[in-house]
**Q** 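Encoded as structure tokens, here's the structure I'll be asking about.
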Amino acid sequence: MRGGAPGAGTTAAGPSAGTTGPTGRATGGTPDERPAIAVHGSNLADPFVLTVAGVSYAYGTNTPNAGNIPVLRSTGMQTWQSVGDALPALPRWAAAGQLLTWAPAVSPVAGGFVLYYSARLSALGIQCVSAASSTSPAGPFVDVSAAPLICQSETGGSIDPSPYTAGTDRYLTWKSEGIRAGHVPTLWAARMSADGLGLAGPAVELLHPGLPWQHGVVEGPAMLARGGRFDLIYSAGDWHSPDYVTAAAACAGPLGPCTAAPEPFLRTGNAGVGPGGAEPFVDADGNWWLAFHTWNRKDPASSPHAGRQLVLAPLSPSGPPAVLPAPRVLIGRTVTRLDPAGWMRRPMPSAPAG
């Protein structure tokens, strides 16, 4: 289990079916009455949430106004505060100022935290995965690497890192771009060193695209490891369209092999527009959630003002990943609002998003 309350990819066991969590809410055996939380105005794509000492931190892909790795902070997940850029400076090998710092994820380690992310390798013009360290989950994280952690240049680069643990072993899953001849987008995993800063074993292929609704693309992997199960949550399809979906694959172990479910469990129509970039996490009360993003426009590719908002939806406490009831996030639905002071406040009593 990770330091503090577990975050995405945790191996902590979920609450038992039919019990209640510390808040008194049902955590299994009965329908989950927790509402989905859509953080309207957050513009936080590819979100990753980590809970440490009762405080939740949400990290996302870079934006023009929020730096390389924007980070939000909340106690209770109803009010969110922007706390700035978790990674103020990029390593020398990375291209700066080009909105090419994507899909961050943070893992507690002895003495602090490791931030995984992808950035543009200037020398080759491709995305690669790197790691940075900090003593605080909010940063600032510092990356002193002379070269990326993972690149896979023969495939066209590597993106979307996500850490997880199984027992005392650390792992990382990610995507190879698959844009070069002879390659397809592929999800990978490898065992990591104890400090989380290096690979401790060979990279293993977990999943390739092969189903019609994947449209030739799988990406954004996150391993949900709990109760002896390993379920790979991932995105599929065109990220900039309503066809983007979130799906799962059952895995035999922390390094696979994995078998994709026949259908996605989040798609346009039951979870906003183009739900993707999903990561599971546990809140301060021990409840399971799924963080993901949705578009704020029906046709994001045709809108110059399209952005992706953070959504937090109750996740099934055990078994295969499922969001019940469906979050039903509607375009423009304000559950939590960003005010001029930089706070995201819940303006109304709890109500399901949809």
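If you're wondering where the values come from, they're calculated on a predicted model, not measured in any experiment.
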**Q** Checking S134 side chain against S136 main chain: does a donor-acceptor pair fall under 3.5 Å?
**A**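 Yes: the side chain of S134 pairs with the backbone of S136.
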**Q** What is the minimum heavy-atom distance between V114 and A131, and which atoms define it?
**A**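 Smallest heavy-atom distance, with atoms named: CG1-CB, 4.0 Å.
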**Q** With a 4.5 Å cut-off on side-chain heavy atoms, are R73 and V55 touching?
**A**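 Yes - at least one pair of side-chain heavy atoms lies under 4.5 Å apart.
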**Q** Side chains of T186 and H208, heavy atoms from C-beta outward: is any pair under 4.5 Å?
**A**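 Contact flag for T186/H208 side chains = yes.
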**Q** With distance as the sole test, does T135 use its side chain to make a donor-acceptor pair with the main-chain N or O of G112 at under 3.5 Å?
**A**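 Answer holds: no.
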**Q** So does P262 get a backbone contact from the side chain of W213, meaning a donor-acceptor N/O pair under 3.5 Å?
**A**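 Indeed, once roles are kept as given, a pair shorter than 3.5 Å links the two residues.
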**Q** A side-chain contact here means heavy atoms from C-beta on lying under 4.5 Å apart; do S318 and W288 qualify?
**A**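 Of all side-chain heavy-atom pairs linking W288 with S318, none is under 4.5 Å.
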**Q** Report the residues that fulfil side chain to side chain contact (heavy atoms under 4.5 Å, CB included) with T173, sequence neighbours left out, ordered by chain and then residue number.
**A**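 T173: side chain to side chain contact (heavy atoms under 4.5 Å, CB included) contacts with S162, Y164, A189, L206, P221, L232.
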**Q** Looking at F48, W102, F141, Y59, which hits side-chain contact (heavy atoms from CB on, under 4.5 Å) with I69?
**A**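 Checked F48, W102, F141, Y59 against I69; only one passes side-chain contact (heavy atoms from CB on, under 4.5 Å): Y59.
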**Q** Considering only heavy atoms from C-beta outward, does the side chain of I126 approach that of E177 to under 4.5 Å?
**A**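 Sidechains of E177 and I126: no contact.
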**Q** For V142, what are the other residues in its hydrophobic cluster, where any two members join if their side-chain heavy atoms are less than 4.5 angstrom apart?
**A**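 Same cluster as V142: V144.
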**Q** Would the number of heavy atoms belonging to other residues, nucleotides or ligands and lying under 6.0 Å from CZ of R92 be above 12?
**A**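 Atom CZ in R92 is not crowded, with 12 or fewer foreign heavy atoms closer than 6.0 Å.
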**Q** Which heavy-atom pair separates S74 from T79 by the least distance, and what is that distance?
**A**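 It is OG-O, 2.8 Å.
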**Q** So do L90 and T101 actually touch side chain to side chain, heavy atoms under 4.5 Å?
**A**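 Yes, their side chains come closer than 4.5 Å.
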**Q** Which pair of heavy atoms, one from V273 and one from P300, lies closest together, and at what distance?
**A**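 Smallest interatomic distance, heavy atoms only, reads CG1-CD, 4.4 Å.
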**Q** Quick check: does any side chain N or O of H293 sit under 3.5 Å from a backbone N or O of D46, one acting as donor and the other as acceptor?
**A**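 Flag set: sc H293 to bb D46 pair under 3.5 Å.
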**Q** Looking only at heavy atoms, what is the nearest atom pair of V323 and A313, with distance?
**A**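 Heavy atoms of V323 and A313 come nearest at CG1-CB, 3.7 Å.
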**Q** V83, V106: one ILVMFWY side-chain cluster at the under-4.5 Å cut-off?
**A**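 Yes, V83 and V106 fall within the same hydrophobic cluster.
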**Q** Is the side chain of S316 donor-acceptor paired with the backbone N or O of P320 at a distance under 3.5 Å, no angle test?
**A**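 Side chain of S316 to backbone of P320, a donor-acceptor pair under 3.5 Å: yes, one is there.
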**Q** Would a 4.5 Å heavy-atom cut-off, applied to side chains only, mark L197 and V109 as touching?
**A**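 No, side chains not in contact.
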**Q** Tell me the closest heavy-atom pair linking Q152 and I150, and the distance in Å.
**A**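 Where Q152 meets I150 most closely, the heavy atoms are OE1-CG2, 3.8 Å.
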**Q** About how many Å separate CG of L315 and CD of E279, when rounded to the nearest 0.5 Å?
**A**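 So the CD of E279 and the CG of L315 are separated by 11.5 Å.
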**Q** Measure up the W188 and W174 rings against each other and bin them: parallel (under 30°), tilted (30 to 60°), perpendicular (over 60°).
**A**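 W188 vs W174 ring planes: parallel.
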**Q** Same hydrophobic cluster for L115 and V129, using side-chain heavy-atom links shorter than 4.5 Å among ILVMFWY?
**A**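 No; tracing contacts between hydrophobic side chains, which count when under 4.5 Å, never links both residues.
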**Q** What I'd like to find out is whether the side chain of D160 reaches to under 4.5 Å of the side chain of Y234, using heavy atoms alone.
**A**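 The answer is no, as the side chains (C-beta and beyond) never meet within the 4.5 Å cut-off.
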**Q** Work out which heavy atom in V217 is nearest to a heavy atom in P209; give both atom names and the distance.
**A**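 Looking at all heavy atoms of both residues, the closest pair is N-CB, 3.8 Å.
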**Q** Rounded to the nearest 0.5 Å, what separation is found between the CZ atom of R308 and the CG atom of L44?
**A**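 One finds 10.0 Å between CZ of R308 and CG of L44.
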**Q** Under 3.5 Å, side chain of D283 to main-chain N/O of D285, donor-acceptor pair present?
**A**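 Yes; at least one donor-acceptor contact below 3.5 Å.
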**Q** Find out if a path of hydrophobic residues (ILVMFWY) with successive side-chain heavy-atom gaps under 4.5 Å connects L149 to F113.
**A**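 No, because L149 and F113 fall into different hydrophobic clusters, even though each may have its own neighbours under 4.5 Å.
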**Q** Applying a strict under-4.5 Å side-chain criterion to I, L, V, M, F, W and Y, I'd like to know whether Y171 and Y116 cluster together.
**A**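 In one cluster with Y171: Y116, no.
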**Q** Only distances under 3.5 Å count here; give the side-chain donor-acceptor pairs of residues 244-253 to other protein atoms, sequence neighbours excluded, each with its distance to 0.1 Å.
**A**
| from | atom 1 | to | atom 2 | distance (Å) |
| --- | --- | --- | --- | --- |
| Y244 | OH | E219 | OE2 | 2.5 |
| T246 | OG1 | P275 | O | 3.0 |

**Q** Given R170, which partner from the list S107, P163, P254, S193 fulfils the side-chain contact (heavy atoms from CB on, under 4.5 Å) test?
**A**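 When S107, P163, P254, S193 are each tested with R170, the side-chain contact (heavy atoms from CB on, under 4.5 Å) holds only for S107.
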**Q** Q78 versus I37: any side-chain heavy-atom pair under 4.5 Å?
**A**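 A side-chain contact under 4.5 Å exists here.
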**Q** Quick check: is L172 connected to L255 through a chain of hydrophobic side chains (ILVMFWY, heavy atoms under 4.5 Å apart)?
**A**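 Hydrophobic grouping puts L255 apart from L172.
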**Q** Could you check whether Y117 and D143, counting side-chain N and O atoms only, form a donor-acceptor pair closer than 3.5 Å?
**A**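 Indeed, the side chains of D143 and Y117 share at least one donor-acceptor pair under 3.5 Å.
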**Q** Can you check whether P242's main-chain N or O pairs, donor with acceptor, with T268's side chain at less than 3.5 Å?
**A**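 The answer is yes, because a donor-acceptor pair under 3.5 Å joins these two groups.
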